[in-house]
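Written below as structure tokens is the structure these notes are about.
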Amino acid sequence: MLEEFKKTLQESPIVKKGEYSYFVHPVSDGIPEMKPEILREIVEVIKDNSDLDIDKIVCIEAMGIHLATALSLETNIPFVVIRKREYGLPGEVPVFQKTGYSEQNLYINQLNKGEKILLIDDVVSTGGTYIAVIKALKKIGVEIKDAIAVIEKGKGKKIVKDKTGCSLTTIIKMDVINNEVVIESTIID
Ligand SMILES: O=P(O)(O)OC[C@H]1O[C@H](OP(=O)(O)OP(=O)(O)O)[C@H](O)[C@@H]1O
């Protein structure tokens, strides 16, 4: 299990975004093409390792959306997207997102105090995105039953734990070393 995911991750092209070494993979970029078997395995692993007694799946635009869609179709649980677009709807919560190569606002809509959620995104790297989003979700008062980052790059998971107290579930832990992806572990090792 996860063999094709690991293999394709090791083959990821690396591009520079300033000083940041950015890997390019179907899970995180939709490039190269996503093999359905990889997506299917990710959903299976999430189902086996999550509390699905939840009201909503919550994902982050853009590359959380295909993951939330696949999980929603498999579980019949609805999902909501934290968008990069402002709507101005009542109760909208802006969140400042800073990654290793970008910064912008995200906007949380349609989440209510007391709702139980599973948060999902493609990658945790510097932890900037998860820290900002988790803090905002806690302020809204939703109950984060699970927070999943499919790919853990570098030290982001630990930083998120230290800064929010929230323990991310990650499926593959990797890093970019000397311009190559090195797989460190997987959730099923
Ligand atoms: O741990 P961090 O350093 O914050 O990095 C993780 C974030 O970086 C990417 O977001 P990006 O804004 O590039 O979004 P995309 O999904 O639109 O590609 C990724 O989807 C995560 O949200």
Side-chain angles (χ1 to χ4, degrees), residues 5 8-9 12-34 38-39 42-43 45-46 56-72 79-87 93-109 111 117-140 142 144 146-177 181-185 187:
F5 188 5
T8 51
L9 203 47
S12 297
I14 309 296
V15 295
K16 279 285 184 190
K17 288 183 178 286
E19 288 296 300
Y20 190 87
S21 296
Y22 183 101
F23 68 92
V24 184
H25 184 269
V27 166
S28 56
D29 296 273
I31 302 168
E33 69 199 31
M34 170 69 90
I38 296 179
L39 202 48
I42 290 170
V43 168
V45 170
I46 292 172
K56 285 172 190 165
I57 297 162
V58 177
C59 67
I60 304 172
E61 182 183 359
M63 296 311 294
I65 299 178
H66 57 305
L67 303 167
T69 306
L71 188 60
S72 175
F79 72 93
V80 67
V81 182
I82 298 177
R83 294 293 315 266
K84 293 179 173 170
R85 171 179 300 167
E86 183 175 14
Y87 293 86
V93 176
V95 178
F96 180 67
Q97 175 204 23
K98 190 171 185 333
T99 72
Y101 51 87
S102 64
E103 45 184 72
Q104 68 202 309
N105 269 339
L106 302 172
Y107 298 89
I108 304 179
N109 278 286
L111 289 176
I117 66 146
L118 176 152
L119 176 65
I120 185 162
D121 202 7
D122 56 338
V123 180
V124 61
S125 175
T126 66
T129 304
Y130 270 99
I131 291 166
V133 166
I134 289 169
K135 283 185 175 169
L137 292 173
K138 284 187 170 173
K139 220 168 179 179
I140 291 168
V142 298
I144 305 170
D146 275 302
I148 296 170
V150 172
I151 299 171
E152 176 183 352
K153 178 183 181 188
K155 299 193 168 49
K157 175 172 166 166
K158 184 177 180 318
I159 299 168
V160 173
K161 175 78 181 170
D162 291 347
K163 292 256 160 92
T164 67
C166 186
S167 198
L168 299 183
T169 300
T170 64
I171 295 178
I172 291 192
K173 178 163 169 49
M174 52 76 74
D175 210 345
V176 176
I177 298 171
V181 169
V182 177
I183 308 278
E184 296 173 358
S185 60
I187 193 168

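One-based numbering, in listed order, for ligands and for the atoms of each. The figures here come from the full heavy-atom set of this structure, side chains too, leaving out hydrogens, waters and symmetry mates. What you see is a predicted model; the values in this text were computed from it and never measured.
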Quick one: ligand 1 N/O to protein N/O pairs below 3.5 Å?
{"residue": "ligand 1", "atom": "1 (O)", "partner": "Ser125", "partner atom": "N", "Å": "2.7"}
{"residue": "ligand 1", "atom": "1 (O)", "partner": "Thr126", "partner atom": "N", "Å": "3.1"}
{"residue": "ligand 1", "atom": "1 (O)", "partner": "Gly127", "partner atom": "N", "Å": "2.9"}
{"residue": "ligand 1", "atom": "3 (O)", "partner": "Thr126", "partner atom": "N", "Å": "2.9"}
{"residue": "ligand 1", "atom": "3 (O)", "partner": "Thr126", "partner atom": "OG1", "Å": "2.5"}
{"residue": "ligand 1", "atom": "4 (O)", "partner": "Thr129", "partner atom": "N", "Å": "2.9"}
{"residue": "ligand 1", "atom": "4 (O)", "partner": "Thr129", "partner atom": "OG1", "Å": "2.6"}
{"residue": "ligand 1", "atom": "8 (O)", "partner": "Tyr101", "partner atom": "OH", "Å": "3.4"}
{"residue": "ligand 1", "atom": "12 (O)", "partner": "Lys84", "partner atom": "NZ", "Å": "3.1"}
{"residue": "ligand 1", "atom": "12 (O)", "partner": "Gln97", "partner atom": "NE2", "Å": "3.3"}
{"residue": "ligand 1", "atom": "13 (O)", "partner": "Tyr101", "partner atom": "OH", "Å": "2.5"}
{"residue": "ligand 1", "atom": "14 (O)", "partner": "Lys84", "partner atom": "NZ", "Å": "3.0"}
{"residue": "ligand 1", "atom": "16 (O)", "partner": "Ala62", "partner atom": "N", "Å": "3.1"}
{"residue": "ligand 1", "atom": "16 (O)", "partner": "Met63", "partner atom": "N", "Å": "2.9"}
{"residue": "ligand 1", "atom": "17 (O)", "partner": "Ala62", "partner atom": "N", "Å": "3.3"}
{"residue": "ligand 1", "atom": "17 (O)", "partner": "Lys84", "partner atom": "NZ", "Å": "2.6"}
{"residue": "ligand 1", "atom": "20 (O)", "partner": "Asp122", "partner atom": "OD1", "Å": "2.6"}
{"residue": "ligand 1", "atom": "20 (O)", "partner": "Asp122", "partner atom": "OD2", "Å": "3.3"}
{"residue": "ligand 1", "atom": "22 (O)", "partner": "Asp121", "partner atom": "OD2", "Å": "2.5"}

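The structure places CZ of Phe5 at 4.5 Å from CD1 of Ile42, a figure rounded to the nearest 0.5 Å. The distance from atom CD of Glu86 to atom CG of Asn109, rounded to the nearest 0.5 Å, is 9.5 Å.
No donor-acceptor contact under 3.5 angstrom links the side chains of Thr99 and Tyr20, judged on distance only.
Exactly one residue among Leu137, Val142, Ile148 makes a side-chain contact (heavy atoms from CB on, under 4.5 Å) with Leu119. That residue is Leu137. No option in Thr129, Thr126, Val133, Val124 other than Val124 meets the side-chain contact (heavy atoms from CB on, under 4.5 Å) test with Val160.
Considering only residues two or more places apart in sequence or on other chains, Ile177 meets the side chain to side chain contact (heavy atoms under 4.5 Å, CB included) condition with Asp175, Val182.
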